[in-house]
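Worksheet: the structure to be examined is printed underneath.
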Amino acid sequence: MTVESTAAHKPRRSAGGKTGGTGTKATGTTGTKRTTRAAKKSTDPQLVQLLTPEGERVANPEYDPYVAGITPEDLRGLYRDMVLTRRFDAEATSLQRQGELGLWASLLGQEAAQIGSGRATREDDYVFPTYREHGVAWCRGVDPTNLLGMFRGVNNGGWDPNGNNFHLYTIVIGSQALHATGYAMGITMDGADSAVIAYFGDGASSQGDVNEAFNFAAVYNAPVVFFCQNNQWAISESNEKQTRVPLYQRAQGFGFPGVRVDGNDVLASLAVTRWALDRARRGEGPALIEAFTYRMGAHTTSDDPSRYRHDDERIAWEAKDPILRLRRHLEAANHADEGFFGELEAESEALGRRVREAVRAMPDPDRFALFEHAYADGHALVDEERARFAAYQASFADAEGGQ
Amino acid sequence: MTVESTAAHKPRRSAGGKTGGTGTKATGTTGTKRTTRAAKKSTDPQLVQLLTPEGERVANPEYDPYVAGITPEDLRGLYRDMVLTRRFDAEATSLQRQGELGLWASLLGQEAAQIGSGRATREDDYVFPTYREHGVAWCRGVDPTNLLGMFRGVNNGGWDPNGNNFHLYTIVIGSQALHATGYAMGITMDGADSAVIAYFGDGASSQGDVNEAFNFAAVYNAPVVFFCQNNQWAISESNEKQTRVPLYQRAQGFGFPGVRVDGNDVLASLAVTRWALDRARRGEGPALIEAFTYRMGAHTTSDDPSRYRHDDERIAWEAKDPILRLRRHLEAANHADEGFFGELEAESEALGRRVREAVRAMPDPDRFALFEHAYADGHALVDEERARFAAYQASFADAEGGQ
Amino acid sequence: MAEKMALAKAINESLRHALETDPKVLVMGEDVGKLGGVFRVTDGLQKDFGENRVIDTPLAESGIVGTAIGLALRGYRPVVEIQFDGFVFPAYDQIVTQLAKMHARALGKVKMPVVVRIPYGGGIGAVEHHSESPEALFAHVAGLKVVSPSDASDAYWMMQQAIQSDDPVIFFEPKRRYWDKGEVDPEAIPGPLHAARVVREGTDLTLAAYGPMVKLCREVADAAAEEGRSLEIVDLRSISPIDFDTLQASVEKTRRLVVVHEAPVFFGSGAEIAARITERSFYHLEAPVLRVGGYHAPYPPARLEEEYLPDLDRVLDAVDRSLAY
Amino acid sequence: MAEKMALAKAINESLRHALETDPKVLVMGEDVGKLGGVFRVTDGLQKDFGENRVIDTPLAESGIVGTAIGLALRGYRPVVEIQFDGFVFPAYDQIVTQLAKMHARALGKVKMPVVVRIPYGGGIGAVEHHSESPEALFAHVAGLKVVSPSDASDAYWMMQQAIQSDDPVIFFEPKRRYWDKGEVDPEAIPGPLHAARVVREGTDLTLAAYGPMVKLCREVADAAAEEGRSLEIVDLRSISPIDFDTLQASVEKTRRLVVVHEAPVFFGSGAEIAARITERSFYHLEAPVLRVGGYHAPYPPARLEEEYLPDLDRVLDAVDRSLAY
Ligand SMILES: Cc1ncc(C[n+]2csc(CCOP(=O)(O)OP(=O)(O)O)c2C)c(N)n1
Ligand SMILES: Cc1ncc(C[n+]2csc(CCOP(=O)(O)OP(=O)(O)O)c2C)c(N)n1
Ligand SMILES: [Mg+2]
Ligand SMILES: [Mg+2]
């Protein structure tokens with residue numbers, strides 16, 4: 001399967017006509033001095049794929065070793081992860097519609113990229129997510145209801161990042177790539193063999209911070225894997241508004257490898273991420289993984305994708321659905337029976353119910369939470385403002401009491 | 001001549017031992033999916049060179065066409081440019097020592113990179129310099145004494161950028177790369193065929209802004225040439241603290257060509273820059289040129305390079321001196337006689353004298369200049385402060401007058 | 001001919017007018033094209049003026065402002081959109097060290113007619129970074145002008161004037177008022193961009209505000225009127241410069257001043273206003289200038305923002321405290 | 001045992017002590033290694049503590065602060081150097097949106113013990129961007145602490161305390177005082193990091209200052225004493241929080257206050273101080289709080305900086321104006 005059609009790389013205002021940075025004039029043909037040739041070669045990227053959309057397992061001598069030991073049970077586990085993540089995500093979307101959440105950023109369509117990469121991490125690894133990595137959070141054992149606090153508006157994150165080595169969601173695009181790199185530098189200093197994985201989107205690749213992170217990681221040879229979920233859209237902007245060439249190629253310019261993986265293939269995502277984490281642990285430094293996937297829903301519940309993209313596109317991608325694909329494989333290989341699917345269905349419903357109930361029971365924060373945690377060691381002005389606020393609040397109580 | 005020894009690319013804390021992002025493990029060998037192989041190939045970069053340090057003209061089928069029409073007179077012109085630029089630079093350094101300038105950033109050693117690239121520009125092209133492009137300013141016809149105002153402390157730049165299409169010096173590292181890109185986008189919008197050249201250093205390549213500029217330029221296919229003078233040092237930091245792989249390779253990851261040129265070879269610098277500007281004009285988009293050169297002096301007159309580098313390094317580079325190299329060529333080819341060199345000597349001295357006199361005659365700005373040009377359309381607070389300041393100053397005059 | 005329209009629509013019309021009348025005007029930003037921006041302020045503009053005039057940019061704020069500077073050097077007049085207040089910071093370096101200083105650096109030989117539009121402020125129940133009021137961080141910086149309209153008519157006209165200005169203007173749009181409607185007369189003759197306006201006359205105390213808080217101040221004045229207190233409201237409109245003459249005249253009449261803004265009080269606009277008005281009108285003030293604004297804590301999650309933002313009661317409380325002197 | 005040393009050396013000694021006593025302390029920045037920083041503040045540290053503890057970074061301020069945040073998350077206590085005041089802006093986004101807010105975002109579950117050292121202020125005849133005083137731009141941001149020592153002893157101790165603080169501290173070093181010597185006693189028991197200090201007692205008027213302006217205020221007080229006027233000087237030391245109690249006590253004694261800083265007056269520290277002291281001590285003030293500082297214009301070229309910076313005459317002029325009320 002090739003997907004290049006959805007990743008057109010023509011520059012927007014090329015007066016020349018040639019696309020993609022290929023220097024085709026007579027004098028532009030020697031490859032070693034100029035990077036032209038390599039760039040040209042790789043504008044026709046090949047995805048790493050281990051499962052076709054039809055669920056057929058295809059051999060890949062390079063990455064097969066990373067999933068060699070995988071059992072039918074493991075496969076069912078990955079399937080279960082994806083199904084439950086999707087169920088959780090759907091529940092959150094509907095909770096937003098019911099007014100229980102202020103906003104939701106759905107991962108619909110990106111389950112394989114997230115579960116595959118998330119399951120590749122080791123317990124002592126550390127994850128730096130964006131705001132959409134609900135599936136990765138699931139793999140890390142973060143209680144999914146924890147993710148909902150910020151979308152409900154009761155906190156700005158708030159879970160303990162060190163509880164599951166899963167950092168807080170970061171909204172300012174790209175910032176966390178540097179945090180991940182710094183954390184990874186710390187791992188090296190500690191002499192540990194853990195690794196870090198930093199998630200970001202195709203849009204984020206344009207930010208200075210992400211590129212600085214690439215460079216710091218390369219220079220310090222930091223054990224960090226950059227995992228870019230290219231879901232084809234940054235809100236309303238498609239890939240060609242962010243980049244002239246496929247994103248995985250960016251890594252090369254900083255001196256580390258980049259790989260494009262089929263992000264709708266959970267097995268390939270798992271294998272490639274294991275490869276990258278392994279080499280990071282071994283001290284071979286950073287790698288960039290571009291997981292080629294698709295945001296099947298809106299950017300967030302506030303978004304209206306009909307303004308900027310056609311339905312056909314989504315429909316085409318539905319044929320590559322990550323969950324369907326693994327189900328076909330499981331069924332064809334007789335790795336799962338009706339019982340399994342039935343139980344999972346029930347488990348899904350239970351999860352949905354639990355999430356629904358937990359969200360509805362989530363109390364509004366106490367108003368004094370305004371002043372909590374602005375500082376760790378206290379701040380005189382905050383103390384003063386808190387005291388004034390308390391007196392002000394008390395004045396209402398007095399007034400009411402006095403009536 | 002190869003110069004790779006001065007550009008060691010070993011990561012700083014590689015626990016693995018392999019250098020330069022080359023994935024050498026068994027599964028890391030297929031080249032199309034991963035960019036590993038291309039990165040590996042190009043860690044042994046070849047310089048574009050047309051004149052050896054000994055002044056011998058070497059053939060280069062790719063870039064020869066760009067200097068095919070060059071006459072002995074042109075060569076003498078390039079020589080004269082370099083000599084006068086060096087003379088000007090030396091004068092400025094000594095004026096700093098005499099206290100006439102507060103600071104000076106010398107270009108000593110970088111004459112060929114600057115004159116070669118500067119002479120490649122067309123009148124309608126636009127140049128965005130750092131703070132060290134005295135040679136480029138010379139090529140653009142900027143009166144060199146204009147450059148001294150900011151180093152003397154009488155202004156922060158102040159020449160008319162549109163007078164010679166030579167933008168003001170920019171001190172915040174990397175900022176001007178974005179201005180250059182925006183300017184180039186404007187050229188495209190105007191339907192003009194001018195081009196832009198943005199200068200910056202090896203250190204600057206680490207800044208987010210420079211990388212964002214690469215990406216904007218690529219996405220909008222803007223006619224901008226990024227000219228990185230890799231003078232081996234960013235103050236006290238050598239190349240391997242900024243980058244893991246040679247800088248010209250960065251371009252590839254953004255989808256445009258990168259070339260490394262011998263920055264001490266004025267002919268090669270001219271040819272490569274002409275190539276890049278030509279293709280930009282033709283609508284083929286940006287290119288990155290890494291001019292491999294050496295800062296023979298201190299970072300600025302405030303710097304003490306003996307704290308961080310050995311003399312041997314400078315001595316080794318002296319053998320590749322850009323001016324000496326062209327002189328050898330001119331002499332060997334009988335393109336210049338004693339008379340030429342003698343006249344140039346006299347012209348140099350005259351330039352030095354003129355600069356010296358101009359600087360000494362440069363008046364301090366009027367104190368009311370404080371308030372000038374903060375805004376183009378005025379600002380009430382500035383008016384108020386100016387009026388108060390005037391009254392305050394007048395109070396001294398009164399006091400003195402009254403004595 | 002006056003027409004009633006929402007504040008967001010007024011800006012849209014103003015941008016449209018500028019794009020029509022001056023071929024050098026450009027609109028740039030994330031999602032400003034087909035989507036029309038997340039608030040639809042640029043709705044329909046790309047369709048009518050094309051991708052070369054209404055430009056979807058890569059997701060990089062420093063790049064957006066930095067290339068806008070280059071476009072201005074080429075003679076363009078870019079109007080840049082920052083998607084939300086909290087995302088202006090990646091562009092802060094380009095704004096502070098380049099955009100603000102270029103004209104002075106060139107001793108006046110180049111101009112920087114760039115407008116940076118920032119939807120700002122809270123009250124819409126948004127997630128982190130989507131509700132901040134960072135205007136003080138721009139007002140402190142010489143070389144910038146900072147304005148914020150409070151209604152549709154001002155939004156229309158101030159945008160026209162900001163685009164015509166040869167100085168960079170940071171244009172703070174009160175996002176929670178985007179949907180509020182008001183009369184806009186595109187044939188009116190507007191007052192100066194940086195003039196404050198007395199939007200309600202009163203005798204007992206002056207309320208000074210701008211952007212989203214002007215509407216709140218009107219409600220406060222209504223409530224106070226019911227208690228027999230006559231409040232004057234000055235809509236500052238411009239935060240750099242501040243029209244202290246108009247404000248001073250009001251304060252010297254009412255002898256009391258309360259400044260209201262959403263931004264944190266500490267080092268906020270209210271501080272500058274209090275300091276300067278106290279200096280200008282020391283003997284006229286019956287009470288210290290009081291300030292109502294945000295607390296010295298990160299903007300809270302949505303369920304707490306009503307506690308954080310100035311509201312009717314908090315402003316009335318400050319009014320009471322002032323009148324008690 | 002007390003020793004006389006330059007302010008820069010005091011910071012060097014303080015960093016050395018921290019590196020020695022806490023293996024989690026790191027020093028990071030451009031040229032902090034072999035060169036010892038452009039002001040030699042980190043001189044010799046890399047030699048003694050190695051490249052893993054004293055780290056030369058790529059030239060990218062956002063990267064420096066961003067990776068420092070990651071290192072702090074891993075349990076390190078990075079002390080980051082920004083080479084000059086004007087170069088902090090590329091890091092401003094990481095400081096404002098991440099460093100300042102991370103602790104609150106995590107509801108206290110992570111800490112951000114990062115010190116950002118910034119040599120600041122003018123008076124050394126430097127080129128553009130090398131002489132600015134951007135402290136107000138940090139003080140307005142909740143989550144940060146902002147301090148500035150005025151002498152060698154404070155430089156030593158405040159750096160110790162900043163490193164020990166679990167909150168991010170923006171540490172403004174008065175670069176023109178780097179070479180001024182003072183007694184440093186590494187065995188003393190220091191006062192609190194955020195306490196102001198009355199450094200000279202007086203009865204007629206209070207001068208409030210911090211960092212480089214404290215020395216100027218001493219000269220002003222000397223000159224005023226010759227004219228028979230007794231000025232009290234409060235060295236604020238901390239700009240966020242500000243020790244208003246100490247300042248208020250002084251002002252209620254002298255009844256007059258002049259605030260002096262190099263930063264532009266408009267939206268500067270003086271505004272906050274004037275507003276708050278006026279509110280706290282309304283009935284005690286005989287004159288409005290006056291402010292002496294920079295003008296609302298880009299920092300001028302070196303040959304004009306003496307006109308721009310507060311000096312003896314300008315402060316005395318403000319003292320006279322205050323006393324004339
Ligand atoms: C610095 C910054 N600028 C703008 C935004 C607003 N914004 C939120 S998500 C988004 C698009 C992100 O696209 P991408 O990186 O592809 O991630 P995706 O949402 O597709 O997962 C934008 C522009 C932001 N959060 N931060
Ligand atoms: C944003 C920013 N950070 C730091 C500095 C201080 N500084 C001035 S020059 C320089 C090194 C620049 O190195 P490079 O880019 O290689 O240019 P070169 O001076 O070698 O020509 C540094 C760190 C600055 N000017 N701007
Ligand atoms: Mg995306
Ligand atoms: Mg350099």
Side-chain angles (χ1 to χ4, degrees), chain C residues 61-62 86-97 100-101 103-105 128-129 134 136-143 239-242 259 263-283 285 287-291 294-300 325, chain D residues 61-62 86-97 100-101 103-105 128-129 134 136-143 239-242 259 263-283 285 287-291 294-300 325:
Chain C
E61 286 78 7
S62 190
F87 307 139
V88 70
F89 299 112
Y92 196 70
D93 174 56
Q94 282 286 345
I95 293 173
V96 167
T97 71
K101 296 184 172 60
H103 177 70
R105 192 178 292 149
E128 203 188 352
H129 310 291
L137 303 174
F138 296 89
H140 188 49
V141 178
I239 305 154
S240 176
I242 294 174
V259 187
V265 165
F266 194 60
F267 280 76
S269 306
E272 180 60 37
I273 294 167
R276 209 163 288 252
I277 288 296
T278 307
E279 188 178 341
R280 284 183 172 227
S281 309
F282 187 63
Y283 291 120
L285 286 170
V289 178
L290 298 184
R291 300 176 283 166
Y295 300 108
H296 193 68
Y299 195 91
Y325 272 82
Chain D
E61 285 79 6
S62 190
F87 308 138
V88 71
F89 299 112
Y92 196 69
D93 175 56
Q94 282 287 347
I95 293 173
V96 167
T97 72
K101 297 184 172 59
H103 177 70
R105 190 177 294 149
E128 206 188 348
H129 310 290
L137 304 173
F138 296 89
H140 187 49
V141 177
I239 305 154
S240 175
I242 293 173
V259 188
V265 165
F266 194 60
F267 280 76
S269 307
E272 180 60 38
I273 293 166
R276 208 162 291 250
I277 287 296
T278 306
E279 188 177 343
R280 285 182 171 226
S281 308
F282 188 62
Y283 292 120
L285 285 170
V289 177
L290 298 183
R291 299 176 282 166
Y295 301 108
H296 192 66
Y299 195 91
Y325 272 80

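Chain A is the first sequence line, chain B the second, and so forth, proteins listed ahead of strands; every chain is numbered from 1. Source: prediction; values computed, not measured.
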In terms of heavy-atom pairs under 4.5 Å with chain D, which of [options] leads?
options: A104(C), S240(C), P90(C); value: P90(C)
options: F267(C), Y92(C), F89(C), F87(C); value: F267(C)
options: A297(C), A274(C), A100(C), G268(C); value: G268(C)

Can you say whether [X] sits under 4.5 Å from chain D via the side chain, the backbone, both, or neither, judging by heavy atoms?
X: Y295(C); answer: neither
X: E61(C); answer: neither
X: S269(C); answer: both

Q: Could you check whether the rings of F282(C) and Y325(D) sit parallel, tilted or perpendicular, using 30° and 60° as the cut-offs?
A: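 The rings of F282(C) and Y325(D) stand perpendicular, inter-plane angle above 60°.
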Would you name the heavy atoms of [X] and [Y] that are closest together and state the gap between them?
X: P288(D); Y: E279(C); value: CB-CA, 3.7 Å
X: V265(C); Y: R276(D); value: CG1-NH2, 3.7 Å
X: A139(C); Y: H296(D); value: O-CE1, 3.5 Å
X: T278(D); Y: T278(C); value: CG2-CG2, 3.9 Å

Q: Please examine the side chains of K101(D) and Y299(C), heavy atoms only from C-beta on, and report whether any two atoms are closer than 4.5 Å.
A: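 SC-SC contact between Y299(C) and K101(D) ruled out.
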Q) If you count heavy-atom pairs under 4.5 Å with chain C, which of D93(D), V88(D), I242(D), V289(D) comes out on top? A)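 Greatest number of close heavy-atom pairs with chain C: D93(D).
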**Q.** Side chain, backbone, both or neither of F266(D) within contact of chain C (heavy atoms, under 4.5 Å)
**A.**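 The answer is both parts of F266(D).
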(Q) Within this structure, what is the NE2-OG1 distance for the pair H129(C) and T97(D), rounded to the nearest 0.5 Å? (A)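 Output value for this atom pair is 5.5 Å.
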